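This report refers to the structure that appears directly beneath it.
To find a chain, count down the sequence lines: A is the first, B the second, and so on, and within it residues start at 1. Since the structure is predicted, the reported quantities are computational estimates derived from the model, not experimental observations.
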Number of protein chains: 2
Amino acid sequence: MRDFMAITKALSDPNRVRILLALRQGELCVCQITELFNFAPSTVSKHLSILHHAHLITSQKSERWVYYRLAEKKLAPVAVREALDWVHKSLGKTDEAAADAKKLKRILRTDLAVICAGQKC
Amino acid sequence: MRDFMAITKALSDPNRVRILLALRQGELCVCQITELFNFAPSTVSKHLSILHHAHLITSQKSERWVYYRLAEKKLAPVAVREALDWVHKSLGKTDEAAADAKKLKRILRTDLAVICAGQKC
DNA sequence: CATTCGTTTCGTCGTTTGACGAAATATAAT
DNA sequence: ATTATATTTCGTCAAACGACGAAACGAATG
């Protein structure tokens with residue numbers, strides 16, 4: 001029950017759901033997501049921490065950045081796997097997800113250092 | 001997205017999840033759920049209203065009571081059906097659900113009028 | 001070894017949530 | 001019609017939440 005509620009609480013905020021949808025394009029670091037949503041880095045970090053705590057995403061440090069990605073289907077608990085499937089199946093093709101995906105594609109084409117320079121984080 | 005968030009917000013409270021688990025035993029009226037959880041009737045009514053608004057449950061008035069039941073699999077939107085499956089599969093066999101189910105069985109054996117008399121609602 | 005820089009933690013502020021009791025509503029019983 | 005009664009709505013309160021900026025952290029750079 002405890003684990004399950006961590007997942008449902010993580011999913012109860014639309015911006016966290018948007019993050020899960022964005023992560024379908026592959027791993028992303030904090031500043032890329034910050035750029036995508038125009039939120040303060042601390043806000044994004046908090047959202048990622050909540051998603052991580054629910055085991056919906058994993059993190060990995062590489063060079064200067066911390067990359068987050070969706071939990072591996074093979075390794076994740078059943079409840080997590082089904083939650084991710086549910087989110088992606090329900091919202092993967094919405095206009096909102098498409099708009100974010102489009103903006104994200106542009107961000108992914110930009111050098112990370114440039115993005116971070118634009119945010120004085 | 002709007003509909004989806006209504007569902008995730010509905011699922012983000014443990015007592016509402018408990019209600020969804022309890023409703024697997026069949027339709028229940030407000031005072032039966034009130035008895036099960038020892039909450040004020042107004043609190044239970046609010047929870048049911050939120051679940052109803054998310055289309056996870058339906059209501060039907062009969063005699064003096066309003067009965068709530070799980071949304072019909074055949075009629076419910078896909079997101080609703082999958083949410084209910086997910087909840088029941090993830091938590092249906094937990095100790096917590098079993099304890100509620102046991103208490104609920106006792107309540108279901110009791111006459112409704114007696115239950116309502118015990119709550120001065 | 002000091003500095004830089006991406007990220008996280010902390011404290012604050014306004015909003016939302018979940019609980020309650022009191023009052024309103026609507027329906028059944030008398 | 002009037003009274004009971006099951007449910008809902010409303011107002012209130014404490015706790016949780018989501019946003020932010022400032023400060024702390026920690027790893028790579030100089």
Between [atom2] of [N] and [atom1] of [X], the distance in whole Å:
X: K46(B); N: dT8(D); atom1: NZ; atom2: P; value: 13 Å
X: L51(B); N: dT7(D); atom1: CG; atom2: C1'; value: 16 Å
X: H53(A); N: dT9(C); atom1: NE2; atom2: C1'; value: 16 Å
X: F37(A); N: dA19(D); atom1: CZ; atom2: P; value: 10 Å
X: I57(A); N: dT7(C); atom1: CD1; atom2: C1'; value: 14 Å
X: L112(A); N: dC5(C); atom1: CG; atom2: P; value: 14 Å
X: I33(B); N: dA6(D); atom1: CD1; atom2: P; value: 15 Å
X: Q60(A); N: dT7(C); atom1: CD; atom2: P; value: 14 Å

Kindly compute the distance separating [atom1] ([X]) from [atom2] ([Y]), expressed to the nearest 0.5 Å.
X: L28(B); Y: L108(B); atom1: CG; atom2: CG; answer: 6.0 Å
X: L20(A); Y: H47(A); atom1: CG; atom2: NE2; answer: 11.5 Å
X: R24(B); Y: L84(B); atom1: CZ; atom2: CG; answer: 11.0 Å

Q. More than 12 foreign heavy atoms under 6.0 Å from NZ of K89(B): is that the case here?
A. no
Q) Side-chain N or O of Y68(B) less than 4.0 angstrom from OP1 or OP2 on dT8(D)? A) yes
Q. Contact class for Y67(B) (heavy atom, under 4.0 Å): base, sugar-phosphate, or nothing?
A. nothing
Q. Which heavy atom in T34(B) sits nearest to a heavy atom in A40(B), and how many Å separate them?
A. CG2-C, 4.4 Å
Q | Along DNA chain C (nearest heavy atom to each residue), the more 5'-positioned of L48(A) and K9(A) | A | L48(A)
Q: Please tell me which of H47(B) and C29(A) maps to the more 5' nucleotide of DNA chain C, matching each residue to the nucleotide holding its nearest heavy atom.
A: C29(A)
Q | side-chain contact (heavy atoms from CB on, under 4.5 Å) partner of I33(B), the single match among L104(B), L48(B), I107(B) | A | L48(B)
Q) Closest to the W65(A) side chain: dG6(C), dT8(C), dA19(C)? A) dG6(C)
Q.
Angle between ring planes, Y68(A) versus H52(A), binned at 30° and 60°: parallel, tilted or perpendicular?
A. perpendicular
Q.
Ring-plane angle category for H55(B) and H53(B), please: parallel below 30°, perpendicular beyond 60°, tilted otherwise.
A. parallel
Is there any protein nitrogen or oxygen under 3.5 Å from a nitrogen or oxygen in nucleotides 25-30 of chain C, and what are the pairs?
none

Would you list the protein and nucleotides 20-24 of chain C atom pairs, both N or O, that sit under 3.5 Å from each other?
from: dC20(C); atom 1: OP2; to: A40(B); atom 2: N; distance (Å): 3.0
from: dC20(C); atom 1: OP2; to: T43(B); atom 2: OG1; distance (Å): 2.6
from: dG21(C); atom 1: N7; to: S42(B); atom 2: OG; distance (Å): 3.4
from: dG21(C); atom 1: O6; to: S42(B); atom 2: OG; distance (Å): 3.1

(Q) Less than 4.0 angstrom from a charged side-chain N to a carboxylate O is my criterion; do D85(A) and K73(A) meet it? (A) yes
